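Here is the structure we will look at, set down as structure tokens.
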Amino acid sequence: VSTQSTWDCILMVNKIFILLLGILGVLSKQECLTNITMKTYHETMKDSDNVWLIKIYTDWCGHCKKLQPTWDLTSLMLCNRSDIIVGQVNAEEESDLASMLETQGYPTIVVFQKNITYYFHGDRTVSKIMDFAKGGFKNTTGIKITGPKTTIQKVFDVGYKVLEGFVQIIDSTGLTFLPYWVKVMIPIIFCLSPLIAVVICIICLDDSPAGKDANEEVNTEKKLAESKGEEITKAPGDEEEKKKEKIEQSQSKDNSEV
């Protein structure tokens, strides 16, 4: 057999294999894969006793695209299991649901059962993922899902992720020996430094000679204004007293003449 014919045979087998994978992928997407939305969560997942094997992904994620053939094959292999439902969540279209499931990056593979999320951290192979869905998740610690997050919770989550990003940057500079609370305080102080600078400037201006002189001038003006106000309020009363004295003097003169 010639070398050329051998290569042609190998290429033909590869093409057939790729075609079969494509067919399996299409079949799995149509019959065995569930596109999960927030509506699915409220209507089906929330009160279900089934095991939900879920992949959380985005369209722009390269690792997600690389995982897709494995995920399609996994869904096909588990398609005959009535107790396991394989699904996927598009984090861009269902951001609230992805946030509620405590997404740790893309892609994230989780098992969801009875409002508890279990995270898969093993090798992303069909066998490992299937073992995790069939009961391996019970050997891990899950996170209780309480429902969609409020705006305040989302803000705190964003702040926490930002702080974690700063901590990773600090660790990358070789400062891993610093305590965790010091690493967290560094970005907080950095962000609050403009406000701290303004407060220090105000305090320094108040304590400076110019600031004291300005305060004394203000106090003097206030005293003058108060004294003028007192004079104005007292003036009408003084005139009335003088009128009363004149009337009394005139009455006393009349009495003396009589």
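All values derive from a computational prediction rather than experimental measurement. Hydrogens, waters and symmetry mates are skipped; everything else that's a heavy atom, side chains included, is used.
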Not counting sequence neighbours, which residues clear disulfide (SG to SG under 2.5 Å) with Cys61? List them please.
->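 Cys61 satisfies disulfide (SG to SG under 2.5 Å) with no residue once adjacent residues are dropped.
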
Partners meeting side chain to side chain contact (heavy atoms under 4.5 Å, CB included) with [X] (sequence neighbours left out):
| X | answer |
| --- | --- |
| Leu97 | Ile36, Met38, Tyr41, Val89, Glu94, Met100, Leu101 |
| Ala91 | Ile56, Thr58, Ala98, Tyr106 |
| Met77 | Leu73, Val126, Met130 |
| Ile189 | Met185 |

Can you list every disulfide (SG to SG under 2.5 Å) pair that touches residues 78-112, not counting sequence neighbours?
->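 Passing the test, one end in residues 78-112: Cys32-Cys79.
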
Going by the salt bridge (charged side-chain N to carboxylate O under 4.0 Å, His left out) test, which pairs reach into residues 110-121, not counting sequence neighbours?
->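 Residue pairs passing salt bridge (charged side-chain N to carboxylate O under 4.0 Å, His left out), neighbours aside: none found.
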
Can you name the side-chain hydrogen bond (donor to acceptor under 3.5 Å, both in side chains) partners of Thr40, sequence neighbours left out?
->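 Thr40 satisfies side-chain hydrogen bond (donor to acceptor under 3.5 Å, both in side chains) with Thr37 only.
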
Considering residues at least two apart in sequence or located in another chain, which fulfil the side-chain hydrogen bond (donor to acceptor under 3.5 Å, both in side chains) criterion with Glu92?
->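 With sequence neighbours excluded, Glu92 shows a side-chain hydrogen bond (donor to acceptor under 3.5 Å, both in side chains) to Trp60, given in chain and number order.
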
Can you sort out the partners of Phe132 under ring pair (Phe, Tyr, Trp, His ring centres under 6.0 Å), two or more places apart, ordered by chain and number?
->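 If we apply the ring pair (Phe, Tyr, Trp, His ring centres under 6.0 Å) test to Phe132, skipping adjacent residues, the hits are Phe120.
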
Mind checking ring pair (Phe, Tyr, Trp, His ring centres under 6.0 Å) for Tyr119 and listing every partner two or more places apart, or none if nothing turns up?
->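 Listed in chain order: nothing, the list is empty.
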
Contacts of type salt bridge (Lys or Arg N to Asp or Glu O under 4.0 Å), residue Asp131, not counting sequence neighbours =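 Listed in chain order: nothing, the list is empty.
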
Give, for atom OG1 of Thr74 and atom CD1 of Ile84, the distance between the pair rounded to the nearest 0.5 Å.
->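 Thr74 atom OG1 to Ile84 atom CD1 measures 11.0 Å (nearest 0.5 Å).
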
